[in-house]
There are 2 protein chains.
Amino acid sequence: MTPIFKIDHTNCGDCPIRHRAVCAHCDANELEELEGIKYYRSFEAGQTIIWSGDQMNFVGSVVSGIASLTQTMEDGRTQMVGLLLPSDFVGRPGRDSAPYDVQATTDLVMCCFRKKPFEELMSSTPHIAHRLLQMTLDELDAAREWMLVLGRKTAREKIASLLSIIARRDASIHQKGNSGPIVFDLPLTREAMADYLGLTLETVSRQISALKKDEVILLEGKRHVTIPDMGRLMEEAGDDTDGGFLV
Amino acid sequence: MTPIFKIDHTNCGDCPIRHRAVCAHCDANELEELEGIKYYRSFEAGQTIIWSGDQMNFVGSVVSGIASLTQTMEDGRTQMVGLLLPSDFVGRPGRDSAPYDVQATTDLVMCCFRKKPFEELMSSTPHIAHRLLQMTLDELDAAREWMLVLGRKTAREKIASLLSIIARRDASIHQKGNSGPIVFDLPLTREAMADYLGLTLETVSRQISALKKDEVILLEGKRHVTIPDMGRLMEEAGDDTDGGFLV
DNA sequence: ATTTCCACTTGATCTCGGTCAAAGCATCTG
DNA sequence: CAGATGCTTTGACCGAGATCAAGTGGAAAT
């Protein structure tokens, strides 16, 4: 479907996530050290990158594409607990086995480091540890934001919340002015959305249809979304309309 | 109701959370520096420690008692997004305004630091930053665990999950052997449990009654709980029975 | 002792979202 | 082209949990 990326950065200076990833604060020397131990891996949409319980012998950053963290109960119920976008970090220094499944939602490229050398590097370069702390605190905020969505919002609000998050992220990447319609493609199947939102895929489908009928969103095909009025969408999500918060 | 604690540690060596809090990895010198800028504050049950949106000019650790982080929507729906136990950290270095309400659930003592000096200390002593990273990663895990509870578990499973978490924590504090009945007092009202679990207080009450009737738990009064069989409770929570995971 | 208050329980009813089932609609495959 | 496959939509029905409403019980206050 999508061509496999042929990535061969030898220098991090050209890296699209250079200024946002765990390496963001590194100076030239530190970057050189990272450069020495990094390697790239590609995954196809749908592929499982790490199985829950597996030995984790690497950590890394998402360079392009989207990955998801999911937890599964014995009887098969699943809940997505994280959505990893470009620059997000995978793995946890100081832990051996993975607590969640990590799956490539789209085709994906990761910049990986073997865990051991990375941990050593981390203890010698505070810039990395500091950036990782920042990123972890941001992820914690996002997780807590999501707890409100899961615990207290209606199905319609949940869908609107997800759409507004994706729209906001997309806007932040493409650096658009913040007025006028927002257009993007949904990177998730209905089922993945359901897993994210604690719903069934049928409910997701119904609520998307309802939002379309009420002209909160416009749909072309099943994935291409236009948001004519972001304020309206935020209202539907139950969020403060004036809410300007950065991700 | 409860007497106000008269705490006047001048030396951190005697502190009950010395080995678990953000200062856990500090050596004698570092501890001395912290000692210089710390101060204690007490709060009564029900008191709000920090209002969402407020300026945060201090950070700190819970020394004794329980606090909760809650998010509120405009229409009044609330979701608890964190439960802070002794040794847990409040506040975020590098951020000015609080994103959540912080409330004392029980009478509470905190060990506080003004934000500015703490941040400076943090950048000079990697041990603090490192410990804070560890703790934040643990909190992120807990938040994700909770997302599964909120998104996918039934009301009965939610209650069982909460009880098992409290029981586990209690056991870890009192260092009991892990067989035989577990006894503890619920530190939360039915309403607080409901806010934690994304339920109504009526449903919480009904499910607790049901677990009592089925002899999964024993109740004396409204708060004193006995768990005759922890494995049984974990089954009811939908967790792996063999699940040994540390908090 | 009686009132008040508060946390909690219990019951009756309603509703949102889940479940089960069928069908639509693109994209691959032979 | 027909058939298969995967994602999505839609409909009919049902049930877990919310909502609305009383009532209970224990501790503090008068």
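Just so it is clear, the values below take in all heavy atoms, side chains as well, and ignore hydrogens, waters and symmetry mates. Chain letters run A, B, ... following the sequence lines, proteins first, then strands; residues in each count from 1. Small disclaimer: the values here were computed from a predicted structure and weren't measured.
For dG17(C), the base has no donor-acceptor partner in the side chain of R156(A) [N/O atoms by modelled type, under 3.5 angstrom]. Counting atom types as modelled, Q207(A) pairs no side-chain N or O with a base atom of dC16(C) as donor and acceptor under 3.5 Å. With hydrogens and angles ignored, no donor-acceptor pair closer than 3.5 Å exists between the side chain of E202(B) and the base of dC8(C).
Nucleotide dC25(C) holds its C1' atom 17 Å from the CD atom of E220(A), rounded to whole Å. As a whole-Å value, the separation of E191(B) CD from dT9(C) C1' is 15 Å. Between the CG atom of L197(B) and the P atom of dA16(D) there is a distance of 18 Å, given to the nearest Å. Here the P atom of nucleotide dT19(C) and the CG atom of D75(A) are 11 Å apart, to the nearest Å. As a whole-Å value, the separation of L219(B) CG from dT10(C) C1' is 15 Å. Whole-Å rounding puts the D195(A) CG to dT8(D) C1' distance at 16 Å. In this structure, CZ of R77(B) is placed 14 Å from C1' of dT19(D), rounded to the nearest angstrom. Atoms NZ (K222(A)) and P (dG6(D)) sit 16 Å apart, rounded to a whole Å.
Counting non-hydrogen atoms under 4.0 angstrom, R223(A) reaches the backbone sugars and phosphates but no base. Contacts of G46(A) with the nucleic acid, taken as non-hydrogen atoms under 4.0 Å apart, are absent. At the heavy-atom level, I208(B) lies nowhere under 4.0 Å from the strands shown.
Looking at D101(A) and S52(A), their side chains never bring a donor and an acceptor atom within 3.5 Å of each other. With hydrogens and angles left out, the side-chain atoms of S161(A) and S164(A) include no donor and acceptor closer than 3.5 Å.
Side-chain proximity of T154(A) to dC8(C), dG17(C), dG17(D): nearest is dG17(C). The side chain of L201(A) has dT8(D) as its nearest neighbour among dC8(C), dA18(D), dT8(D).
Of the possible polar contacts, one joining the Q79(A) side chain to the D195(A) backbone as a donor-acceptor pair under 3.5 Å is found.
Of all heavy-atom pairs between I66(A) and L108(A), the closest is N-CD1, 3.4 Å.
A sub-4.0 Å separation between OP1 or OP2 of dT9(C) and a side-chain N or O of R190(B) is present. An OP1 or OP2 oxygen of dG6(D) is reached within less than 4.0 angstrom by no side-chain nitrogen or oxygen of T189(A). Between T200(A) and the phosphate of dG18(C), there is a side-chain N or O to OP1/OP2 separation shorter than 4.0 Å. Taking side-chain N and O atoms only, T203(A) has a distance below 4.0 Å to OP1 or OP2 of dG18(C). A sub-4.0 Å separation between OP1 or OP2 of dT9(C) and a side-chain N or O of S205(B) is present.
Between K158(B) and the choices L163(B), V204(B), L199(B), the side-chain contact (heavy atoms from CB on, under 4.5 Å) rule is met once, by L199(B).
Residues M73(B) and T78(B) have side chains not in contact (no heavy-atom distance under 4.5 Å, counting atoms from C-beta outward).
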